[in-house]
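In what follows, every chain begins at residue 1, and chains take the letters A, B, ... in the order their sequences are listed.
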Protein chains: 2
Amino acid sequence: MNQTVIPKPDYEAALREAGVRITRPRRVILGILSDAGDHPDAMEIFRRAVAIDSSISLSTVYRTMKLLEGIGAIHRHAFEGGPSRFEPAVGDHHDHLIDIETGDVIEFQSDRIEELQQEIARELGYEIVHHRLELYGRKRRRR
Amino acid sequence: MNQTVIPKPDYEAALREAGVRITRPRRVILGILSDAGDHPDAMEIFRRAVAIDSSISLSTVYRTMKLLEGIGAIHRHAFEGGPSRFEPAVGDHHDHLIDIETGDVIEFQSDRIEELQQEIARELGYEIVHHRLELYGRKRRRR
DNA sequence: CTTCTATTTGCAAACGATTTGCAATTGCAT
DNA sequence: ATGCAATTGCAAATCGTTTGCAAATAGAAG
């Protein structure tokens with residue numbers, strides 16, 4: 001049987017690269033991130049971390065998120081309403097569809113939309129630094 | 001000389017419609033909103049309001065924003081980083097380009113992008129309830 | 001125009017998410 | 001092993017926003 005390879009980012013290497021120390025709390029958090037299939041928020045990461053090492057603090061989770069975001073290893077998403085949610089910066093760019101009933105996040109990608117955005121920005125005399133495209137919806141009733 | 005008509009929403013009618021009282025603070029805030037050409041946040045609306053009636057409180061600004069949002073008279077935008085910013089819900093749907101240097105907001109509209117979003121959602125088995133498309137950029141250096 | 005009451009207000013305190021100061025701990029280069 | 005800068009946990013601070021409450025007031029009724 002053939003599985004699609006889901007790349008796991010080598011955070012430790014990235015951190016070493018950035019010249020920061022690999023500490024126990026960080027190792028735990030990195031582990032959680034690398035096998036998170038979802039888009040957890042800081043509190044959720046904290047919960048998972050505490051289950052592994054009860055001495056980890058929420059501050060450290062936040063600090064580590066900021067650090068990883070800084071070196072571009074994760075992306076922070078401020079979806080509507082809730083706290084920021086994080087995702088490993090692995091694979092190529094994509095946008096998000098958020099299930100407003102469950103909070104589930106589905107990733108999608110559209111070259112065409114990206115092109116149109118560039119076009120629009122150019123016409124307005126701007127260069128895009130980054131953008132945010134989020135669709136909020138609910139599962140279509142099966143018919 | 002001919003000017004494009006910038007429609008001013010009749011908030012008072014909308015409020016009466018909603019069955020709420022037209023109070024002095026509300027009148028002041030509504031006035032500010034109807035001739036705001038920008039996308040002010042609550043604090044900015046508060047400042048402008050205090051300049052007219054120094055007894056108005058920030059709570060009332062927040063409460064009024066919530067009220068107006070509830071009846072669909074204004075839109076709330078949670079652009080990156082800062083507090084929510086508001087805009088009269090007048091005219092047709094549009095998205096926003098935010099100048100990351102100045103905070104200026106430029107409105108744009110793309111039927112094509114809207115269509116593509118619908119298409120994507122449909123393919124994923126979802127119906128879009130609402131969406132958010134924000135371009136963050138800087139003025140292209142004139143060359 | 002007064003009377004009445006439910007709605008609205010200002011204030012201060014509470015809130016949720018996130019950040020920070022600080023003293024104690026710990027990686028890790030030597 | 002040693003030493004010191006980086007990192008931690010904790011509690012307190014921060015920011016934007018909401019809320020409880022007693023006082024003020026819009027506006028319907030007379």
Any A/Tyr62 side-chain nitrogen or oxygen under 4.0 Å from OP1 or OP2 of C/dT19: no

Sugar-phosphate, base or nothing in reach of A/Arg26, heavy atoms under 4.0 Å: sugar-phosphate

Gap between atoms CE and P, on B/Met65 and D/dT19 respectively (whole Å): 16 Å

Letter per nucleotide, 5' to 3', of nucleotides 25-30 of chain D [B base touched, S only sugar-phosphate touched, - untouched; heavy atoms, 4.0 Å]: BBS---

Length of the CD1-P vector between A/Ile29 and D/dT7, whole Å: 13 Å

Verdict with supporting geometry, B/His131 and B/His93, ring pair (Phe, Tyr, Trp, His ring centres under 6.0 Å): CA-CA 11 Å; B/His131 71 102; B/His93 169 74; 4.9 Å; yes

Atom-to-atom span, CG of B/Leu67 to P of D/dT17 - whole angstrom: 17 Å

Distance, rounded to the nearest Å, where B/Leu58 contributes CG and C/dG10 contributes C1': 11 Å

Which residues share a ring-ring contact (aromatic ring centres under 6.0 Å, His included) with A/His39, sequence neighbours left out: A/His96

Side-chain donor-acceptor contact under 3.5 Å, B/His77 with B/Glu134: no

Atom pair distance, as rounded to whole Å: CD in B/Glu44 and C1' in D/dC15: 17 Å

Side chain to side chain donor-acceptor pair (under 3.5 Å) pairs, two or more places apart, involving residues 45-54 of chain A: A/Arg24-A/Asp53, A/Asp38-A/Arg48, A/Glu44-A/Arg47, A/Glu44-A/Arg48, A/Asp53-A/Ser55

B/Lys66 side chain near D/dT18 phosphate (N/O to OP1/OP2, under 4.0 Å): yes

Any A/Ser59 side-chain N or O less than 4.0 Å from OP1/OP2 of D/dT8: no

